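So you know, we letter chains A, B, ... as the sequences are listed, proteins then strands, and number each from 1. Given the structure is predicted, the values throughout are model-derived calculations rather than measurements.
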Number of protein chains: 2
Amino acid sequence: MAMNIEQIIAKFHEEGFKVTPQRLAICEYVLSSKDHPTTDMAYAEVKRKYPTLSLATVYQTLHLLADIGLLQELEMDDRVSRYDPNTSPHINIICKNCGMVEDYDAKDMAKLWSEIVKGLGFEPIGQRIDVYRYCEKCLKKVKIKKTRGVSLV
Amino acid sequence: MAMNIEQIIAKFHEEGFKVTPQRLAICEYVLSSKDHPTTDMAYAEVKRKYPTLSLATVYQTLHLLADIGLLQELEMDDRVSRYDPNTSPHINIICKNCGMVEDYDAKDMAKLWSEIVKGLGFEPIGQRIDVYRYCEKCLKKVKIKKTRGVSLV
DNA sequence: ATTTAAATAATAATGATTACAATTTAAGAA
DNA sequence: TTCTTAAATTGTAATCATTATTATTTAAAT
């Protein structure tokens, strides 16, 4: 989360990957983001500084970051993945209507989680903890449709 | 989970949806399944009894079941959703290589989960708790690729 | 400065899911 | 039971995020 450029560069070298301006720019954006960006969001943002940036590079880089443990990919029900730089056990509070994601770090999360994981019999390589609701903003829009996608009217 | 046909029919009526043979057949299959089937799996299986079944109906029905709380949809990183008839708080143990999903009900899961949820300030409408690993079978295949998809060689 | 394996860019291909329109049907009313 | 009709089903076309591909560029080791 609070990884600086030097650490990111070191991590790339350590893992045997090349350090490129594109990768660093994407890292800088997504690893400091709070709003769980999509690939498109990262592309739009980073392209402002690197106009030649390709969307394919963004996909490849975000997957790479997930593979080396710097990002958690969240597959969402609108079929557009979002990326979370917080890879430690924490709760993703997700609105089933608008898809907004907020991180929530419960007070004793680490402790409670280790309690839960204790009985598994193996060491997890990652985790995802979601809690679903309709966010305040969406609830204000009153009427929730029964149909798929649960969009508001 | 242990819902019988009568209860399912009652639930449909209660929610204002029609009871059709296709829906009941799909329910019978997916609500008693242990292996977190995909839409295609449900389609292939139920089509044996209802040869006129349409894939679109399976999609629509599974989404309906998720909407009324009888199924949990799990969006997976191969972009093929799987469906879990266990909608209470429990752990999905997921292999990052082959995608296999197992349910794991920790002893004090309900209690620990309520502990975690306590501080949220709202009542969740659902949850998803994943733990990732490489399963025994995949680990035996030895060499794990570094690239996206983490497939074995 | 050279070399080369890896990364990038641009674009085509993929495929699960969704949308759509015509037909069928569940279920309430007569 | 038959009638009515809104909802469900079917078959298929369209969508679109993601992945694959290939030519070009480049990081970084020699």
### Message
Nearest heavy atom decides the nucleotide; on that basis, is B:Val19 or B:Asp40 closer to the 5' end of DNA chain C?
### Response
B:Asp40
### Query
Does D:dT18 have OP1 or OP2 sitting under 4.0 Å from an N or O in the side chain of B:Arg79?
yes
### Query
What's the CG-P distance between A:Leu74 and D:dA17, to the nearest Å?
18 Å
### Task
Tell me whether the OP1 or OP2 atom of C:dA7 has a side-chain N or O from A:Arg23 closer than 4.0 Å.
yes
### Query
Given atom CD of B:Glu75 and atom P of C:dT17, what is their separation to the nearest angstrom?
10 Å
### Query
Could you give the CD-to-P distance, from A:Glu73 to D:dA17, as a whole number of Å?
15 Å
### Task
Report the distance from atom CG of B:Leu62 to atom C1' of D:dT9, rounded to the nearest whole Å.
15 Å
### Message
How long is the straight-line distance from CD1 of A:Ile93 back to CD of B:Gln127, given to the nearest 0.5 Å?
### Response
13.5 Å
### Query
With a non-hydrogen cut-off below 4.0 angstrom, is B:Thr38 in contact with a base, only sugar-phosphate, or nothing?
nothing
### Axis-to-axis angle between the two ends of the helix from C:dA1-D:dT30 to C:dA30-D:dT1 (five base pairs per end, rounded to 10 degrees)
40°
### Task
Enter the distance from B:Ile26:CD1 to B:Tyr83:OH here, rounded to the nearest 0.5 Å.
11.0 Å
### Query
Just how far is it from atom CE of B:Met76 to atom CZ of B:Arg82, taken to the nearest 0.5 Å?
5.5 Å
#### Entry: Separation between CG of B:Leu70 and CD of B:Glu15, rounded to the nearest 0.5 Å
8.0 Å
### Query
Got a second to check how far B:Glu28's CD is from B:Asn4's CG, nearest 0.5 Å?
10.5 Å
### Query
Side chains of B:Asn86 and B:Gln72: closer than 4.5 Å at any heavy-atom pair?
no
### Message
Counting only side-chain heavy atoms from C-beta out, which of C:dA9, D:dT10, D:dA7 sits nearest to B:Leu53?
### Response
D:dT10
### Task
Let me know the distance between OH of A:Tyr59 and C1' of C:dT14, rounded to the nearest Å.
13 Å
### Query
Within this structure, what is the CD1-to-C1' distance between A:Ile9 and D:dA28, rounded to whole angstrom?
14 Å
## Note on the structure
Of the candidates C:dA9, C:dA16, D:dT10, the side chain of A:Thr52 sits closest to C:dA9
### Query
Atom NE2 of B:His13 and atom C1' of C:dA26: how far apart are they, to the nearest Å?
9 Å
### Summary
Result for 5'-nearest mapping on DNA chain D, choosing between A:Ala56 and B:Pro21, is B:Pro21
### Summary
Contacts of A:Lys47 and B:Thr39 projected onto DNA chain C by closest heavy atom; the upstream (5') one is A:Lys47
### Query
Between D:dG11, D:dT9, D:dT18, which nucleotide has the shortest distance from any of its atoms to the side chain of B:Gln22?
D:dT9
### Message
Hydrophobic clustering (ILVMFWY, side-chain heavy atoms < 4.5 Å, transitive) - are A:Ile129 and A:Ile94 grouped together?
### Response
no
### Message
Just N and O in the side chain of A:Thr20: are any of them under 4.0 Å from OP1 or OP2 of C:dT8?
### Response
yes
### Query
Counting side-chain heavy atoms from CB outward, which of D:dA8, D:dG11, D:dA27 is closest to B:Lys18?
D:dA8
### Distance below 4.0 Å between A:Gln60 side-chain N/O and C:dT8 OP1 or OP2
yes
### Message
For a quick check under 3.5 Å, do A:Ser81 and A:Glu73 share a side-chain donor-acceptor pair by atom type?
### Response
yes
### Message
Looking only at the side chain of B:Thr57 (C-beta and beyond, no hydrogens), which of the listed nucleotides C:dT17, D:dT9, C:dA10 gets closest?
### Response
D:dT9
### Distance in angstrom units between B:Glu15 CD and D:dA7 C1', rounded
16 Å
